[in-house]
J.: 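One structure is given below, represented as structure tokens, and several questions about it will come after.
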Amino acid sequence: MKIATWNVNSIRVRLPHVKDFVHVQSPDVLLLQELKAQDKDIPISDLEDLGYNVIYKGQKAYNGVAILSKHPIEDVNDKLYSNTENDEQARYIECWIDAKNSGFRIASIYLPNGNPINTEKFDYKIDWMNKLKKRSKQLLDNEECVILGGDFNVCPEDRDAANPENMRNDALFQPESRAKLREIINLGYYDAWRAINPDITEWSYWDYGRAFEQNKGLRIDHFLLSPIALDRLESIEINKYHRSLERPSDHAPVIINISD
DNA sequence: ATGGCTTTCTACGAAAGA
């Protein structure tokens, strides 16, 4: 079972990359973030034509998240797949994927950036993380296979940035942001990258400009796994291919394989 | 470190991203 997450920075501009990614990688489930389109402008039929069931939450101009699945999506009901406490911006969508005897709950997460610090934007980020923490805790109660994937907009540690000293005043790097992410993980989740790679860091985001050619980036796109999901984890990869092409997203897809 | 990119919008500059 292959599951990918990708902040595409506009689904309309990136649709050719998404199509190519699907043809190359053929993930069973693809989590998308930063669609930057309201519902009516999301190219749903193009995504369905790739062989996926699609649920989505769009918003005008900003944000927007989706889950694409080759397997049946259950709970297709807004009350079930929304985190209703975090609904004012389209940053969270969640569902149960029914994959015969090996189903799992999964969320596509686009956590607020929070810059600049010392503003209401940073406060919004922390508030949003508190609500995510509450939902994350609920999801552990049933001892299910739970997969939280997406753009978390937090570098967990200094080593998750190429230039940590340049990031000291950035919302992605604040002790408060990191502490809140740790609080969520400490409920009982595992950072899939660190579970497989305790000593190796790769970037999932590079600023537009020269950052990619200089390989100076951040690791901010994550998969958090419940214990049962961790037991099923086989591999993880940050795939840089589409980041190297013309007109790329500034993020690379992160791909995990879990046992069926 | 920033916006030096990129994308979006009741658009032609400003906001947001990270």
Side-chain angles (χ1 to χ4, degrees), chain A residues 5-18 21 31-43 46 56-66 86 88-92 108-129 132 149-181 193 201-222 238 240 242-254:
Chain A
T5 181
W6 195 6
N7 175 323
V8 292
N9 186 14
S10 169
I11 186 59
R12 285 173 287 183
V13 172
R14 226 64 65 200
L15 186 60
H17 278 202
V18 171
F21 177 75
L31 311 177
L32 298 177
Q33 302 91 35
E34 222 178 343
L35 304 180
K36 284 188 165 176
Q38 54 196 314
D39 287 355
K40 70 180 180 65
D41 293 328
I42 299 172
D46 291 271
Y56 54 93
K57 215 187 291 185
Q59 183 182 330
K60 189 173 194 143
Y62 305 116
N63 309 317
V65 287
N86 268 340
E88 62 285 343
Q89 295 185 11
R91 296 178 173 276
Y92 186 96
S108 178
I109 291 169
Y110 178 44
L111 210 144
N113 172 304
N115 277 306
I117 59 173
N118 300 317
T119 68
E120 70 287 345
K121 292 197 162 193
F122 188 73
D123 294 339
Y124 183 79
K125 178 186 189 121
I126 299 301
D127 286 347
W128 202 96
M129 293 185 81
L132 177 63
D151 175 2
F152 282 73
N153 268 321
V154 178
C155 290
E157 302 175 82
D158 276 12
R159 60 178 171 156
D160 295 309
N163 292 309
E165 297 317 317
N166 291 348
M167 296 288 293
R168 291 296 168 206
N169 294 321
D170 196 292
L172 284 63
F173 230 65
Q174 291 310 293
E176 200 177 356
S177 309
R178 287 179 173 175
K180 201 57 67 180
L181 179 61
W193 179 267
T201 291
E202 293 182 13
W203 319 131
S204 67
Y205 161 89
W206 301 257
D207 199 358
Y208 287 121
R210 295 207 182 85
F212 186 70
E213 63 192 59
Q214 296 173 344
N215 197 25
K216 293 185 184 305
L218 309 171
R219 191 176 75 89
I220 54 176
D221 298 271
H222 308 303
I238 303 175
K240 301 179 187 64
H242 289 87
R243 184 64 182 80
S244 73
L245 301 181
E246 291 296 311
R247 230 173 161 200
S249 168
D250 40 3
H251 294 251
V254 183

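Remember, predicted model here, so these are calculated numbers, not experimental data. We name chains A, B, ... by the order of the sequence lines, and we start the count at 1 in each one.
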J.: Given B:dA16, B:dT8, B:dT10, identify the nucleotide with an atom nearest to the side chain of A:V13.
T.: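 So the nucleotide nearest the side chain must be B:dT8.
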J.: In whole Å, what is the span from the CE atom of A:M167 to the C1' atom of B:dG3?
T.: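 Atom CE in A:M167 sits about 14 Å away from atom C1' in B:dG3.
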J.: Would you say B:dG3 has OP1 or OP2 under 4.0 Å from some side-chain N or O of A:R210?
T.: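 Answer is no, no contact under 4.0 Å.
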J.: Looking for any heavy atom pair under 4.0 Å, which part of the strands does A:R14 touch: base, sugar-phosphate only, or nothing?
T.: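 Answer is sugar-phosphate: A:R14 comes under 4.0 Å of backbone atoms only.
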J.: Closer than 4.0 Å, any side-chain N/O of A:R12 to the OP1 or OP2 of B:dT6?
T.: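 For A:R12, the contact criterion (side-chain N or O under 4.0 Å from OP1 or OP2 of B:dT6) is not met.
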J.: For residues 31-39 of chain A, which residues have at least one heavy atom under 4.0 Å from DNA chain B?
T.: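 Residues of residues 31-39 of chain A that come under 4.0 Å of DNA chain B are, in numerical order, A:E34, A:K36.
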J.: Check the phosphate of B:dT8 against A:S10, side-chain N and O only, distance under 4.0 Å to OP1 or OP2. Yes or no?
T.: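 It does, given that an N or O in the side chain of A:S10 lies less than 4.0 Å from OP1 or OP2 of B:dT8.
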J.: Does a sphere of radius 6.0 Å around CZ in A:R168 hold more than 12 heavy atoms from other residues, nucleotides or ligands, not counting ones at 6.0 Å or beyond?
T.: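 Enclosed: over 12 neighbouring heavy atoms sit under 6.0 Å from CZ of A:R168.
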J.: Any base atoms under 4.0 Å from A:D151, or only sugar-phosphate, or nothing? Heavy atoms, all strands.
T.: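 Answer is sugar-phosphate: A:D151 comes under 4.0 Å of backbone atoms only.
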J.: Do A:Q89 and A:Y124 come close enough that some side-chain heavy atom pair is under 4.5 Å?
T.: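 Result yes, sub-4.5 Å side-chain heavy-atom pair found.
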J.: Using the P atom on both, measure B:dT6 against B:dA11 and round to a whole Å.
T.: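 One P to the other, the span is 24 Å.
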J.: What is the distance, rounded to the nearest whole Å, between atom CG of A:D250 and atom P of B:dG3?
T.: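 Rounding to the nearest Å, CG of A:D250 and P of B:dG3 are 17 Å apart.
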J.: Report the distance from atom CG of A:N9 to atom C1' of B:dA15, rounded to the nearest whole Å.
T.: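 Rounded to the whole Å, the gap is 14 Å.
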J.: Choose from B:dC9, B:dA15, B:dC5 the nucleotide whose nearest atom is closest to any side-chain atom of A:Y208.
T.: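 My answer, after comparing the listed nucleotides, is B:dC5.
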J.: Considering heavy-atom distances to DNA chain B, does A:P116 or A:N166 have its closest nucleotide positioned more toward the 5' end?
T.: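 Between the two, 5'-proximity favours A:N166.
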J.: Have A:N115 and A:K121 got a donor and an acceptor in their side chains that come within less than 3.5 Å?
T.: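 No donor-acceptor contact under 3.5 Å links the two side chains.
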J.: Between B:dC5 atom C1' and A:E246 atom CD, what is the distance in whole Å?
T.: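 Going from A:E246 (CD) to B:dC5 (C1'), I get 14 Å.
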J.: Classify the side chain of A:D207 versus the base of B:dG3 as yes if they form a donor-acceptor pair under 3.5 Å and no if they do not.
T.: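 Side chain to base: pair present.
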J.: Side chain of A:K121 only, please: which of B:dG17, B:dG3, B:dT8 is the nearest?
T.: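 The answer is B:dG17, which lies nearest to the side chain.
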J.: Examine distances only and state if a side-chain atom of A:W206 and a backbone atom of A:N215 form a donor-acceptor pair shorter than 3.5 Å.
T.: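 Pair absent, no side-chain N/O of A:W206 close to backbone of A:N215.
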J.: Thinking salt bridges, do A:R178 and A:D158 make one under a 4.0 Å N-O criterion?
T.: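 The answer is yes: the pair qualifies as a salt bridge.
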J.: A:E120 has an atom CD; how far is it from atom P of B:dA16, in whole Å?
T.: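 My rounded result for the distance is 9 Å.
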J.: In this structure, how many angstroms lie between the C1' atom of B:dG17 and the CG atom of A:D221, rounded?
T.: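 After rounding, the gap between these two atoms is 13 Å.
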J.: According to a strict under-4.0 Å criterion, is A:K60 in side-chain N/O contact with OP1 or OP2 of B:dT8?
T.: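 Looking at the OP1 and OP2 atoms of B:dT8, neither is under 4.0 Å from any side-chain N or O of A:K60.
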J.: Rounded to the nearest Å, what distance is computed from the CD1 atom of residue A:I220 to the C1' atom of nucleotide B:dG17?
T.: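 Rounded to the whole Å, the gap is 10 Å.
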J.: Nearest 0.5 angstrom please: A:D46 CG to A:L15 CG, how far?
T.: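 Here the rounded value is 5.0 Å.
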J.: Quick check against the 3.5 Å criterion: does A:D151 have a side-chain atom that pairs as donor or acceptor with the backbone of A:N153?
T.: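 Side chain of A:D151 to backbone of A:N153: a pair is present.
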J.: With rounding to the closest Å, how many angstrom separate the C1' atoms on B:dC12 and B:dT7?
T.: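 Approximately 15 Å lies between the C1' atom of B:dC12 and that of B:dT7.
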J.: For A:N153 and B:dG17, what is the distance between atoms CG and P respectively, to the nearest whole Å?
T.: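 From A:N153 CG to B:dG17 P: 8 Å.
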J.: Does A:N7 reach a base, just sugar-phosphate, or nothing at all? Heavy atoms under 4.0 Å.
T.: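 If one applies the 4.0 Å heavy-atom cut-off, A:N7 turns out to touch the sugar-phosphate alone, with no base involved.
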J.: So, is A:R247 near the phosphate of B:dT7, with a side-chain N or O under 4.0 Å from OP1 or OP2?
T.: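 Indeed, a polar side-chain atom of A:R247 lies that close.
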J.: For B:dT10 and B:dA16, measure between their P atoms and round to the nearest Å.
T.: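 Each nucleotide's P atom is 14 Å from the other's.
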J.: Over 60° means perpendicular and under 30° means parallel, so tell me whether A:H242 and A:F21 are parallel, tilted or perpendicular.
T.: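 If you compare the ring of A:H242 with that of A:F21, the planes turn out perpendicular.
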J.: Take A:N115 and A:I11, find for each the nucleotide of DNA chain B with the closest heavy atom, and name the residue whose nucleotide sits nearer the 5' end.
T.: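 On the 5' side of the pair lies A:I11.
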J.: Could you measure the distance from the CG atom of A:L32 to the CD1 atom of A:I11? Nearest 0.5 Å is fine.
T.: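 Answer rounded to 0.5 Å: 5.0 Å.
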J.: Heavy atoms only, 4.0 Å cut-off, all strands: where does A:F173 land among base, sugar-phosphate and nothing?
T.: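 Touches nothing.
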